[in-house]
Amino acid sequence: QGLLHSSDSAQTWSRADHGIVGSGIPSLLVRPGSSRVILAGTMGQGVFRSTDGGASWRRTDMPLLNVESLASAPATPQRVYAATSRGLYRSVDSGKTWRRLAFQRRTYLVGVTVAPSRPSTVYVLNNDVLWRSTDGAETWKRVLTGDMLISVTVHPSRPNVVLAGMRGAILRSNDGG
């Protein structure tokens, strides 16, 4: 358990979780455009933030939740989304502060992603539903229902190409879901 760092192309590893408490770190996000700012989503301890490339960490104001996934788009790196055990959170200051969004407040979310070339398009998923917002996470539409949805990603330059991973299959949409 913990966070490891390598600076020699994965030949050697050292601990990089000084200041992080928690039982696990299921999600990491390096701020697009600044490798010094890193966010770590933990199990039961919310989000920790580093501004020195991972040498030290500080807890953010995120409540003590499981954070399964973190996402941001290169065009809007200050806007970060977190899929948590209590729904969706958003930060507009690169992860310093967080606000819970109205979306499905009690839903345990397992994934979030932002369309890299269309940052107002956000996808979230729980175990059986994939949701899409095209207005920066203000309103939502159910776009896929399936058994054991695990992950979602969007093509870097073609925002209508979406891949969803589920038990035993990868599904592809060419129309944004």
Side-chain angles (χ1 to χ4, degrees), residues 1-127 133 136-138 149-156 165:
Q1 291 182 7
L3 182 62
L4 301 176
H5 173 266
S6 176
S7 57
D8 59 6
S9 300
Q11 297 299 310
T12 60
W13 295 88
S14 61
R15 294 294 297 254
D17 53 6
H18 306 291
I20 296 179
V21 295
S23 61
I25 303 168
S27 56
L28 291 169
L29 178 70
V30 178
R31 184 179 190 259
S34 174
S35 62
R36 310 254 333 133
V37 178
I38 305 171
L39 301 176
T42 66
M43 296 304 290
Q45 298 295 319
V47 174
F48 285 76
R49 186 172 187 268
S50 174
T51 57
D52 56 13
S56 63
W57 297 88
R58 300 191 117 190
R59 185 189 318 266
T60 67
D61 72 344
M62 165 83 66
L64 302 180
L65 302 172
N66 294 345
V67 179
E68 296 289 343
S69 180
L70 295 163
S72 184
T76 55
Q78 72 284 354
R79 182 171 286 197
V80 182
Y81 296 91
T84 78
S85 53
R86 293 283 188 167
L88 186 65
Y89 280 74
R90 179 173 57 205
S91 171
V92 294
D93 56 11
S94 299
K96 292 177 191 170
T97 60
W98 295 89
R99 180 176 68 89
R100 184 165 60 176
L101 301 179
F103 173 79
Q104 303 286 323
R105 286 184 181 249
R106 293 193 175 96
T107 299
Y108 196 117
L109 298 176
V110 297
V112 60
T113 194
V114 181
S117 61
R118 192 180 291 157
S120 62
T121 300
V122 181
Y123 293 86
V124 297
L125 59 105
N126 60 15
N127 285 329
S133 171
E138 297 301 322
L149 289 165
I150 300 167
S151 61
V152 61
T153 192
V154 180
H155 190 280

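All values derive from a computational prediction rather than experimental measurement. Below, each value reflects all heavy atoms present in this structure, side chains not excepted, and no hydrogens, waters or symmetry copies.
The shortest non-hydrogen separation linking Pro26 to Met43 is CG-SD, 3.5 Å. Considering every non-hydrogen atom in both Val30 and Ser34, the closest pair reads CG1-O, 4.1 Å. Residues Ser151 and Leu125 come closest through the heavy atom pair C-CD2, 3.7 Å. Looking at every heavy atom in both residues, Trp98 comes nearest to Asp61 through N-OD1, 2.8 Å. Of all non-hydrogen atoms in Ser69 and Gly111, the two that sit nearest each other are CB-CA, 3.7 Å. When all heavy atoms are compared, the tightest approach of Arg90 to Ala137 is NH1-CB, 4.0 Å.
How far CZ of Arg31 is from OG of Ser94: 3.5 Å, rounded to the nearest 0.5 Å. One distance of note links CG of Leu65 with CD of Gln45; it measures 10.0 Å at 0.5 Å rounding. Atoms CZ and OG1, on Arg118 and Thr76 in that order, are 13.5 Å from each other to the nearest 0.5 Å. We find the CH2-OG distance between Trp13 and Ser6 to be 5.0 Å, quoted to the nearest 0.5 Å. With rounding to the nearest 0.5 Å, the separation of OG in Ser50 from CD1 in Ile38 is 5.0 Å. The distance from the CZ atom of Arg86 to the CG atom of Leu64 is 11.5 Å, given to the nearest 0.5 Å.
Counted by atom type alone, Arg36 and Thr51 present zero donor-acceptor pairs between their side chains at under 3.5 Å.
Side-chain contact between Val154 and Tyr123 is present, with at least one heavy-atom pair separated by less than 4.5 Å. Contact check for Ile150 versus Val110: no side-chain heavy atoms found under the 4.5 Å cut-off. Here the side chains of Ser91 and Arg99 are not in contact, with every heavy-atom distance at 4.5 Å or above. Side-chain contact between Leu70 and Tyr81 is absent, with no heavy-atom pair separated by less than 4.5 Å. The closest side-chain heavy-atom distance from Arg49 to Val37 is below 4.5 Å. Within the 4.5 Å cutoff, no side-chain heavy atoms of Thr97 are placed close to those of Thr60. Looking at heavy atoms from C-beta onward, Thr84 lies out of side-chain contact with Leu109 at the 4.5 angstrom threshold. Annotation: side chain of Met62 is in contact with side chain of Tyr89 (closest heavy-atom distance under 4.5 Å).
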Test side-chain contact (heavy atoms from CB on, under 4.5 Å) applied to Leu39 and Val80, step by step: CA-CA 10 Å; Leu39 301 176; Val80 182; 3.8 Å; yes
Tell me, with the steps shown, if Asp17 and Phe48 meet side-chain contact (heavy atoms from CB on, under 4.5 Å). CA-CA 10 Å; Asp17 53 6; Phe48 285 76; over 6 Å; no
Check against side-chain contact (heavy atoms from CB on, under 4.5 Å), Leu29 and Ser72: CA-CA 8 Å; Leu29 178 70; Ser72 184; 3.9 Å; yes
Step-by-step side-chain contact (heavy atoms from CB on, under 4.5 Å) determination, Ile20 to Ile25: CA-CA 9 Å; Ile20 296 179; Ile25 303 168; 4.1 Å; yes
